Amino acid sequence: MPNATLSDLLARNRAHAESIADDHFADVLEGQYPPVVSLCCSDSRVSQEGMWNVEEPGWLFTPSNIGNLAWDREGDVDGNLLYPVAHTGTPTVTVVGHTGCGAVTAAYGAVTDDVWPEAPGIRRRIEPLVPVIKAALAGPVDDGEGVVDRLVEYNVREQVAFLDSSGEVPDETTVYGFVYDLHATYGDERGRVYLVAADDETAPDALRELAGAENASAVRSLL
């Protein structure tokens, strides 16, 4: 099990601070207007800035939670996601799941074997995923080998559909759904994202047309 000491943390921050230019924050010191808010699963293997090749500050607003849930326990749009849309005019939302998701795996175990996380706080984060998993298994998702990754994709589609239909999200906001491929499940290249939804559209042919010919390989589906 790796360990990070206080010395490790401070050394990493020192290296970060020394690596950035004096004017690195010049354009965003007085406020932020990020063009993209990316809701991602909070997994240590999945870097939001990394997957979008972001180096400049102020471009990406990065809320995350286990299972990349777009709604809170009351059924409203999660405030961490809604804040930049409502207060800084962010026009583009991405929801990003990833292959091998532990939260989806836990929700699948709760549905199929009635096995739940022991910690109450973790259970509360898994519970909102359970209806999604039940609906998936009763509908388009086949159980069996590889089911977790199919459920990951289904969950991303459901989060996008929720945001697209929510009255809290302006009509002019575009919502995209992606799966980040850690395991070369969708293709041969680890670290690629694959477009699986755009607003109310999930048909691969329509998504390829939307993405353009140069990005056709980035549209794939397990469903």
Side-chain angles (χ1 to χ4, degrees), residues 1-21 24-25 27-28 32-70 78-85 88 90-107 122 125-126 129 148-149 151-157 159-160 163 174-198 211 215 217-222:
M1 177 71 68
N3 182 41
T5 66
L6 176 59
S7 178
D8 293 331
L9 294 170
L10 293 175
R12 283 175 176 269
N13 175 255
R14 185 167 59 251
H16 162 71
E18 291 172 352
S19 71
I20 59 179
H24 183 71
F25 296 105
D27 293 336
V28 294
Q32 60 170 333
Y33 300 95
V36 180
V37 52
S38 182
L39 173 67
C40 190
C41 184
S42 49
D43 188 294
S44 64
R45 300 167 294 178
V46 182
S47 166
Q48 294 232 55
E49 286 84 359
M51 76 171 70
W52 303 121
N53 196 32
V54 175
E55 296 182 357
E56 68 273 33
W59 194 86
L60 189 68
F61 199 95
T62 57
S64 60
N65 59 65
I66 58 172
N68 43 274
L69 283 166
D78 184 273
N80 298 291
L81 167 64
L82 188 59
Y83 179 83
V85 175
T88 70
T90 298
T92 301
V93 176
T94 70
V95 178
V96 186
H98 66 91
T99 57
C101 178
V104 171
T105 301
I122 299 175
R125 297 303 307 182
I126 298 302
L129 275 172
V148 168
D149 289 340
L151 291 171
V152 165
E153 181 176 328
Y154 182 89
N155 179 48
V156 168
R157 288 185 176 188
Q159 306 305 318
V160 171
L163 292 170
T174 302
V175 186
Y176 298 114
F178 298 93
V179 175
Y180 183 80
D181 194 358
L182 280 170
H183 299 84
T185 300
Y186 286 77
D188 296 331
E189 192 173 4
R190 301 178 194 272
R192 287 287 301 274
V193 297
Y194 292 91
L195 181 67
V196 298
N215 295 309
S217 64
V219 179
R220 297 184 185 178
S221 176
L222 303 181

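Keep in mind that this is a model prediction, so the values were computed, not measured. The chain is numbered in sequence order, starting from 1.
Under the 3.5 Å distance criterion, the side-chain polar atoms of Asp8 are matched with a main-chain donor or acceptor of Thr5. Between the side chain of Gln159 and the backbone N or O of Ala70, at least one donor-acceptor pair lies under 3.5 Å.
Among residues at least two apart or in separate chains, salt bridge (charged side-chain N to carboxylate O under 4.0 Å, His left out) pairs with a member in residues 177-197 are Glu189-Arg192.
Taking the side chain as every heavy atom from C-beta outward, Phe25 and Ile20 approach each other to under 4.5 Å. Residues Pro84 and Val37 meet the side-chain proximity criterion, which asks for heavy atoms closer than 4.5 Å. Side chains of Phe178 and Met51 form no contact here, defined as non-hydrogen atoms less than 4.5 Å apart. Annotation: side chain of Cys40 is in contact with side chain of Val46 (closest heavy-atom distance under 4.5 Å). Asn65 places a side-chain heavy atom less than 4.5 Å from the side chain of Arg125. Side-chain contact between Val93 and Leu39: absent, with no pair of heavy atoms (C-beta onward) separated by less than 4.5 Å.
Not counting sequence neighbours, the partners of Asn80 by the side-chain contact (heavy atoms from CB on, under 4.5 Å) test are Pro63, Asp78. Residues forming a side-chain hydrogen bond (donor to acceptor under 3.5 Å, both in side chains) with Ser64 (at least two apart in sequence, or on another chain): none. Every residue was checked against the ring-ring contact (aromatic ring centres under 6.0 Å, His included) condition with Tyr154, not counting sequence neighbours, and none meets it. Scanning for ring-ring contact (aromatic ring centres under 6.0 Å, His included) contacts around Tyr83 gives His87, with sequence neighbours left out. Trp59 meets the side-chain hydrogen bond (donor to acceptor under 3.5 Å, both in side chains) test with no other residue; sequence neighbours excluded. Scanning for side-chain hydrogen bond (donor to acceptor under 3.5 Å, both in side chains) contacts around Asn215 gives an empty result, with sequence neighbours left out. For Asp149, there are no salt bridge (Lys or Arg N to Asp or Glu O under 4.0 Å) partners two or more places apart in sequence or in a different chain. A search for side-chain hydrogen bond (donor to acceptor under 3.5 Å, both in side chains) contacts involving Thr88 returns Thr90, not counting sequence neighbours. Residues satisfying the side-chain contact (heavy atoms from CB on, under 4.5 Å) test with Arg14, not counting sequence neighbours, are Ala11, Glu18. Shown here are the side-chain contact (heavy atoms from CB on, under 4.5 Å) partners of Ala197, two or more places apart in sequence or in another chain: Arg157, Val160, Thr202. For Thr62, the side-chain contact (heavy atoms from CB on, under 4.5 Å) test picks out Gln48, Glu49, Leu60, with sequence neighbours left out.
Of all heavy-atom pairs between Gly67 and Ala103, the closest is N-CB, 3.5 Å. Closest approach of Tyr180 and Val193 over heavy atoms only: CD1-CG1, 3.7 Å. Nearest heavy atoms, Pro57 versus Val28: O-CG1, 3.8 Å.
Using bins of under 30°, 30° to 60° and over 60° for the plane-to-plane angle, the ring pair Tyr194/Tyr186 lands in the parallel bin.
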Test side-chain contact (heavy atoms from CB on, under 4.5 Å) on Phe61 and Val36; report intermediate values, then the result. CA-CA 6 Å; Phe61 199 95; Val36 180; over 6 Å; no

Would you check, one step at a time, whether the test side-chain hydrogen bond (donor to acceptor under 3.5 Å, both in side chains) holds for Thr94 with Ser38? CA-CA 5 Å; Thr94 70; Ser38 182; 2.8 Å; yes

For side-chain contact (heavy atoms from CB on, under 4.5 Å), just list the numbers for His98 and Arg45, CA-CA rounded to whole Å, side-chain angles, deciding distance to a tenth of an Å, and then say yes or no. CA-CA 10 Å; His98 66 91; Arg45 300 167 294 178; 3.6 Å; yes

For Val96 and Trp52, what are the C-alpha separation, side-chain angles and deciding distance, and is it a side-chain contact (heavy atoms from CB on, under 4.5 Å)? CA-CA 11 Å; Val96 186; Trp52 303 121; 4.0 Å; yes

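Taking a 6.0 Å sphere around CG of Asp27, one finds it holds 12 or fewer heavy atoms contributed by other residues, nucleotides or ligands. Within a 6.0 Å sphere centred on CD1 of Ile122, heavy atoms belonging to other residues, nucleotides or ligands number 12 at most.
Between Glu153 and the options Thr99, Val179, Val104, a side-chain contact (heavy atoms from CB on, under 4.5 Å) holds for only Val179.
Here CG of Leu222 is found 10.5 Å from CG of Leu151. Values are rounded to the nearest 0.5 Å.
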